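Worksheet for the structure shown next.
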Amino acid sequence: MTKPISGFSKLSKEQKIDWLATHYTTNPEASKQTIAQYWNQNNGLQQLHDEFIENTITNLYTPLGIAPNFLINDRLYAIPMAIEESSVVAAASKAAKFWMNKGGFSTNVLGTEKVGQVHFIFKGSFEKLTLFFKSIQDILHAESAHLTESMAKRGGGISKIELRNKTKDLDHYYQLHCTFETKDAMGANFINSCLEQFATTLKGEALTYANFNEDEKHIEVVMSILSNYVPNCLVRASVSCPVEELKLSNEISPQLFAEKMIRAVAIAKVEPYRAVTHNKGIMNGIDAVVLATGNDFRAIEAGVHAYASRNGSYSSLTHAEVKGGIFKFWIELPLALGTVGGLTKLHPLVKLNLEILQNPSAKELMQIIAVAGLAQNFAAVSSLVTTGIQKGHMKMHLLNMLNQLGANANEKAKLTAHFKTNTVTHRGVADALAQLRKTS
Ligand code: MEV
């Protein structure tokens with residue numbers, strides 16, 4: 001059995017790779033080659049990536065694709081998407097094209113409020129705590145002024161600090177529930193710094209508060225941290241058109257298609273097993289743009305799924321209806337994003353992707369990303385209720401299979417043509433390649 005290692009982070013990159021390949025892989029030389037293959041030849045760029053995290057050994061590439069022709073509020077966008085799943089970019093592009101000549105996507109931001117909390121234990125009277133909290137309001141703001149100064153210049157800062165009594169849920173548990181406006185920054189560092197300052201002020205002021213007894217003077221701060229649940233940092237995106245314009249193919253009438261879409265969304269609203277997959281399809285589009293723009297997709301995922309369960313049962317993020325002969329399809333979801341700070345200036349491709357998106361503000365990026373999610377869902381559900389997804393999906397997957405089987409460029413071209421009219425299966429592709437090799 002491999003022994004634990006101490007001081008791993010202090011080793012050089014080569015030493016780390018050596019240790020790893022020797023102890024955890026069956027062919028250390030081949031493993032080291034694979035790792036080295038993905039180093040960037042430009043040393044400066046590789047060093048930049050090495051320093052993003054600790055113990056970097058190499059880079060894991062994800063393809064960056066472009067979905068063009070997104071008409072959003074009368075402006076055309078080409079959307080960069082970083083994703084490994086074969087059919088996502090193609091599906092987004094198809095939906096963008098479909099809606100482009102029907103007025104495109106309309107969007108609006110419903111709120112930009114960010115949240116953070118100081119969780120603390122107080123063993124005493126809530127009335128006294130309330131009076132104490134009122135008495136320190138100005139001090140909380142004054143002692144965090146050095147942190148809020150530059151955010152205030154950009155029009156942001158602390159919106160509200162509230163005392164919340166949570167003792168019904170947990171003995172002696174209270175919170176400072178705080179809301180912030182962070183403008184174009186995602187704001188995690190700003191919020192967390194403010195919260196830690198609030199915690200220090202809270203504890204310090206309690207120690208000298210004359211009306212507290214000895215127990216009450218010792219507030220125990222458990223933690224101070226932003227929340228990734230941001231139900232008031234909300235964006236809506238929609239598409240609509242007269243039902244008769246919903247002409248997807250000759251195989252299904254616009255009326256039947258509209259009915260099937262509405263029913264599919266209705267199922268995702270009431271059935272969590274379906275809702276999770278329905279929303280996963282939405283997140284295919286959302287995460288790809290979140291990643292391409294250097295934002296935190298884990299934060300987005302956590303916040304979006306919590307929002308999808310806000311009424312007590314996990315449900316669809318999209319909605320569909322026909323009213324007065326107009327089909328409408330829309331999404332509403334929370335997205336806490338940044339277009340300054342973080343990786344936005346540091347990662348050359350993130351910087352370029354933001355430029356491709358016309359250097360959006362955080363509010364504009366919320367709208368673009370909501371559209372990517374809506375388009376993805378429209379593409380997925382429209383396939384599901386008509387042809388099924390496997391046909392398109394396996395066609396997109398064909399190249400992966402051919403690469404896996406070691407097909408050369410000529411074989412790939414011939415077999416891609418062959419499978420335009422034949423069903424793609426793993427077995428079918430392997431057999432067709434074997435047959436081609438036999439005959440040529
Ligand atoms: C696959 O990545 C996403 C879908 O399953 C989404 C859906 O079912 O709506 C196709």
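Just so we're clear, the structure is a prediction, and the values are computed from it rather than from any experiment. For ligands, and for the atoms within them, numbers begin at 1 and follow the listed sequence. Only this structure's heavy atoms are used, side chains among them; waters, hydrogens and symmetry mates stay out.
Closest to atom 5 (O) of ligand 1 among all protein heavy atoms lies Thr277 CG2, 3.5 Å. Scanning all protein heavy atoms for the shortest distance to atom 10 (C) of ligand 1 gives Ile389 CD1, 3.8 Å. From the protein, the heavy atom lying nearest to atom 3 (C) of ligand 1 is Asn284 ND2, 3.6 Å.
With a 4.0 Å cut-off on non-hydrogen atoms, Asn377 does not touch ligand 1 at all. With a 4.0 Å cut-off on non-hydrogen atoms, Val88 does not touch ligand 1 at all.
Here Asp50 pairs with Lys13 in a salt bridge; the nearest charged N to carboxylate O distance falls below 4.0 Å.
Glu113 places no side-chain N or O within 3.5 Å of a backbone atom of Cys233 that could act as its donor or acceptor partner. Remark: the backbone N or O of Pro242 is not paired with any side-chain donor or acceptor of Glu245 at under 3.5 angstrom. No donor-acceptor distance shorter than 3.5 angstrom exists from the side chain of Lys269 to the backbone of Val265, with no hydrogens or angles considered.
Atoms of ligand 1 found under 4.0 Å from any heavy atom of Lys280 (numbered from 1 in listed order, with element): 1 (C), 2 (O). In the vicinity of Leu384, heavy-atom distances shorter than 4.0 Å reach the ligand 1 atoms 7 (C), 8 (O), 9 (O).
The option from Met283, Arg274, Gln376 that lies nearest to atom 9 (O) of ligand 1, judged by heavy atoms, is Arg274.
Under the 30°/60° scheme for interplanar angles, the aromatic rings of Phe378 and Trp99 are found to stand perpendicular. A perpendicular orientation is assigned to the rings of His49 and Phe52, their planes being inclined by more than 60° (bins at 30° and 60°).
In summary, the aromatic rings of Tyr173 and Phe120 are positioned with their centroids too far apart to meet the 6.0 Å limit.
In terms of polar-atom proximity, defined here as any N/O pair under 3.5 Å, His278 makes no such contact with ligand 1. Where the criterion is an N or O separation shorter than 3.5 Å, residue side chain and backbone included, Glu85 meets it with respect to ligand 1.
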